[in-house]
Amino acid sequence: MRILPEISRTFGEYLLVPNLTDETCTPDNVDLSAPVVRHRLGQASPIRIATPLTSAIMGAVSSPQLAIALAQVGGLSFIHQNQPIAEQAGMVSAVKKHKAGFRHNDVNIKPSATLGEADELLRSTGRDAAVVTDDGTPSGAFLGLITTQDFNFHRHHVGDSVESRMRGGAELVTGTAGMSLSTANSLLWDSRQDVLPLVGDDGRVTALVQRRDYELHKQFSNESVDDDKQFRVGAGVNTHDYRERIPALVEAGADVLCLDSSDGYSVWQKNVLEFVRTEYGDTVRIGAGNVVDARGFDYLADAGADFVKVGIGGGSICITRDQKGIGRGQASALAEIVTARDAYAQRTGEYVPLCSDGGVLHDSHMAIAFAFGADFLMLGRYFARFTESPAPLVKVRGQALKEYWGEGSARARNAARYGQGTELHFEEGVDGYVPFAGSLYDNVKVTLAKLRSTMISCGSTTLRRFHETATLVQVSQQTFVQNSEDIERNERPTVG
Ligand code: RVP
């Protein structure tokens, strides 16, 4: 038995002390880009992301829709592996085949629905327009559009039908399925509409083009795309069916894979990494984890991991620490592994990026994670709250919430991640709710503004320099208790 000399500490136990802010420190100058995979020191990583945020390998978080939105704003999603191989590969290929600028038709309503129902739908999804189809589903026949501008409850009755206010037929300009984005954008601007539905020969909507996306595209000019300009997407794999799952994901076009395990310091992960190197050399990139100390990092880096994921027990829905007594505060784990990463780079000339996974409760925790030296972050709770996440939206006592459940919960039963590939004998995650927060685009924009602002206060314009020069201070026990009480008060509905 040995006891580590350091106390196990979390992000909330630290604050940043400002450094000198000079003339170069402006929001436009801040570069948040990060390497995702292993590379020679001094060379660029073959996969970099402009926004250092990735979405968790979880059924409640990473769907094709969220993956597309996140790639649009410069991040990266990892599609979860707790599903049949063909389904996961199908999700990966849906992202790769999605044409930039086009949106899925995912908010639909029937003509017989009431304006009250339309209002509720638009509010709950954070959208300005819903597509009206004969049966209210995305595969129904297209009839028109209903937007927030088409009704007003001072003039129209909540019980009036959608049909009475929707725009369709000659009133609405539509595009044809398969038309180019530039043609669709011209039509959109000429029509003065906010949304242009593209309709196929069978009368069904194949995609939407939105004025808002055009503006977004200018705002987020650093989309995560591959050499063919297709969106980048990652995928989780496990240590059980990897001989079948990995080839299917590679075939589907996954840009990067990641071993998905609550405890990655295992010979099983080494076996998968060796399999990938033998079969694909370094044409297939794969991260490994999760680990919480230098031994785990060195083991996986030596075995060929392209990045290493850090974090056990820190996830907002995670009860591993209670159930198994295993884990480590995220700040302490990162501090030790960042030193190991840099020593490994000096020793071997290879830089293996670190992904800090879980435990971000506030946007400020992201800045703390980067100050500690994380290269990029993986977030579950953060993304689960958005319109684009696959989790159902529900109303509890009038409050809009998104369901959010752990992969180790009875609901997900992710035996490949938590069991030894067999059935789960006990739960390691909870099944709860998070407050609905609206669109990913709006939220990521605000989060990145905060991060840039923190970096400016700390006199840095790159994440590397931010880490190298950051001054951190531990907060007192009293502040920590107070913070915890604030979280409890503000976010009571988050735990079910
Ligand atoms: P958070 O962002 O704090 O919600 O944490 C997300 C992370 O929590 C995931 O990326 C994963 O590492 C971990 N997780 C997922 N399911 C569970 C569980 O059921 N215990 N934990």
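Counting starts at 1 for both ligands and their atoms, in listed order. Along the sequence shown, the residues carry numbers beginning at 1.
- With sequence neighbours left out, Pro392 forms a side-chain contact (heavy atoms from CB on, under 4.5 Å) with Glu403, Trp405, Arg411.
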Please produce the table of protein N or O atoms sitting under 3.5 Å from N or O atoms belonging to ligand 1, one pair a line, distance to 0.1 Å.
residue	atom	partner	partner atom	Å
ligand 1	2 (O)	Gly380	N	2.7
ligand 1	2 (O)	Arg381	N	3.4
ligand 1	3 (O)	Ser316	N	2.8
ligand 1	3 (O)	Gly359	N	2.9
ligand 1	4 (O)	Ser316	OG	2.7
ligand 1	4 (O)	Arg381	N	2.9
ligand 1	4 (O)	Tyr404	OH	2.6
ligand 1	10 (O)	Asp357	OD1	2.5
ligand 1	10 (O)	Asp357	OD2	3.2
ligand 1	12 (O)	Asp357	OD1	3.4
ligand 1	12 (O)	Asp357	OD2	2.6
ligand 1	12 (O)	Arg417	NH2	3.0
ligand 1	16 (N)	Glu407	N	2.8
ligand 1	16 (N)	Tyr418	OH	3.4
ligand 1	19 (O)	Glu407	N	3.1
ligand 1	19 (O)	Gly408	N	2.7
ligand 1	20 (N)	Tyr418	OH	3.1
ligand 1	20 (N)	Glu428	O	2.6
ligand 1	21 (N)	Tyr418	OH	3.1

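- Of all heavy-atom pairs spanning Asn108 and Leu121, the tightest one is O-CD2, 3.5 Å.
- Here Thr339 pairs with nothing under the side-chain contact (heavy atoms from CB on, under 4.5 Å) rule; sequence neighbours left out.
- Applying the salt bridge (charged side-chain N to carboxylate O under 4.0 Å, His left out) test to pairs two or more places apart or on separate chains, those with a residue in residues 250-264 are Lys96-Asp255, Arg232-Asp255, Asp260-Arg417.
- Ring geometry for His39 against Tyr351 counts as tilted: the plane angle lies between 30° and 60°, on a 0 to 90° scale.
- Ring geometry for Tyr14 versus Phe372: interplanar angle over 60°, hence perpendicular rather than tilted (30 to 60°).
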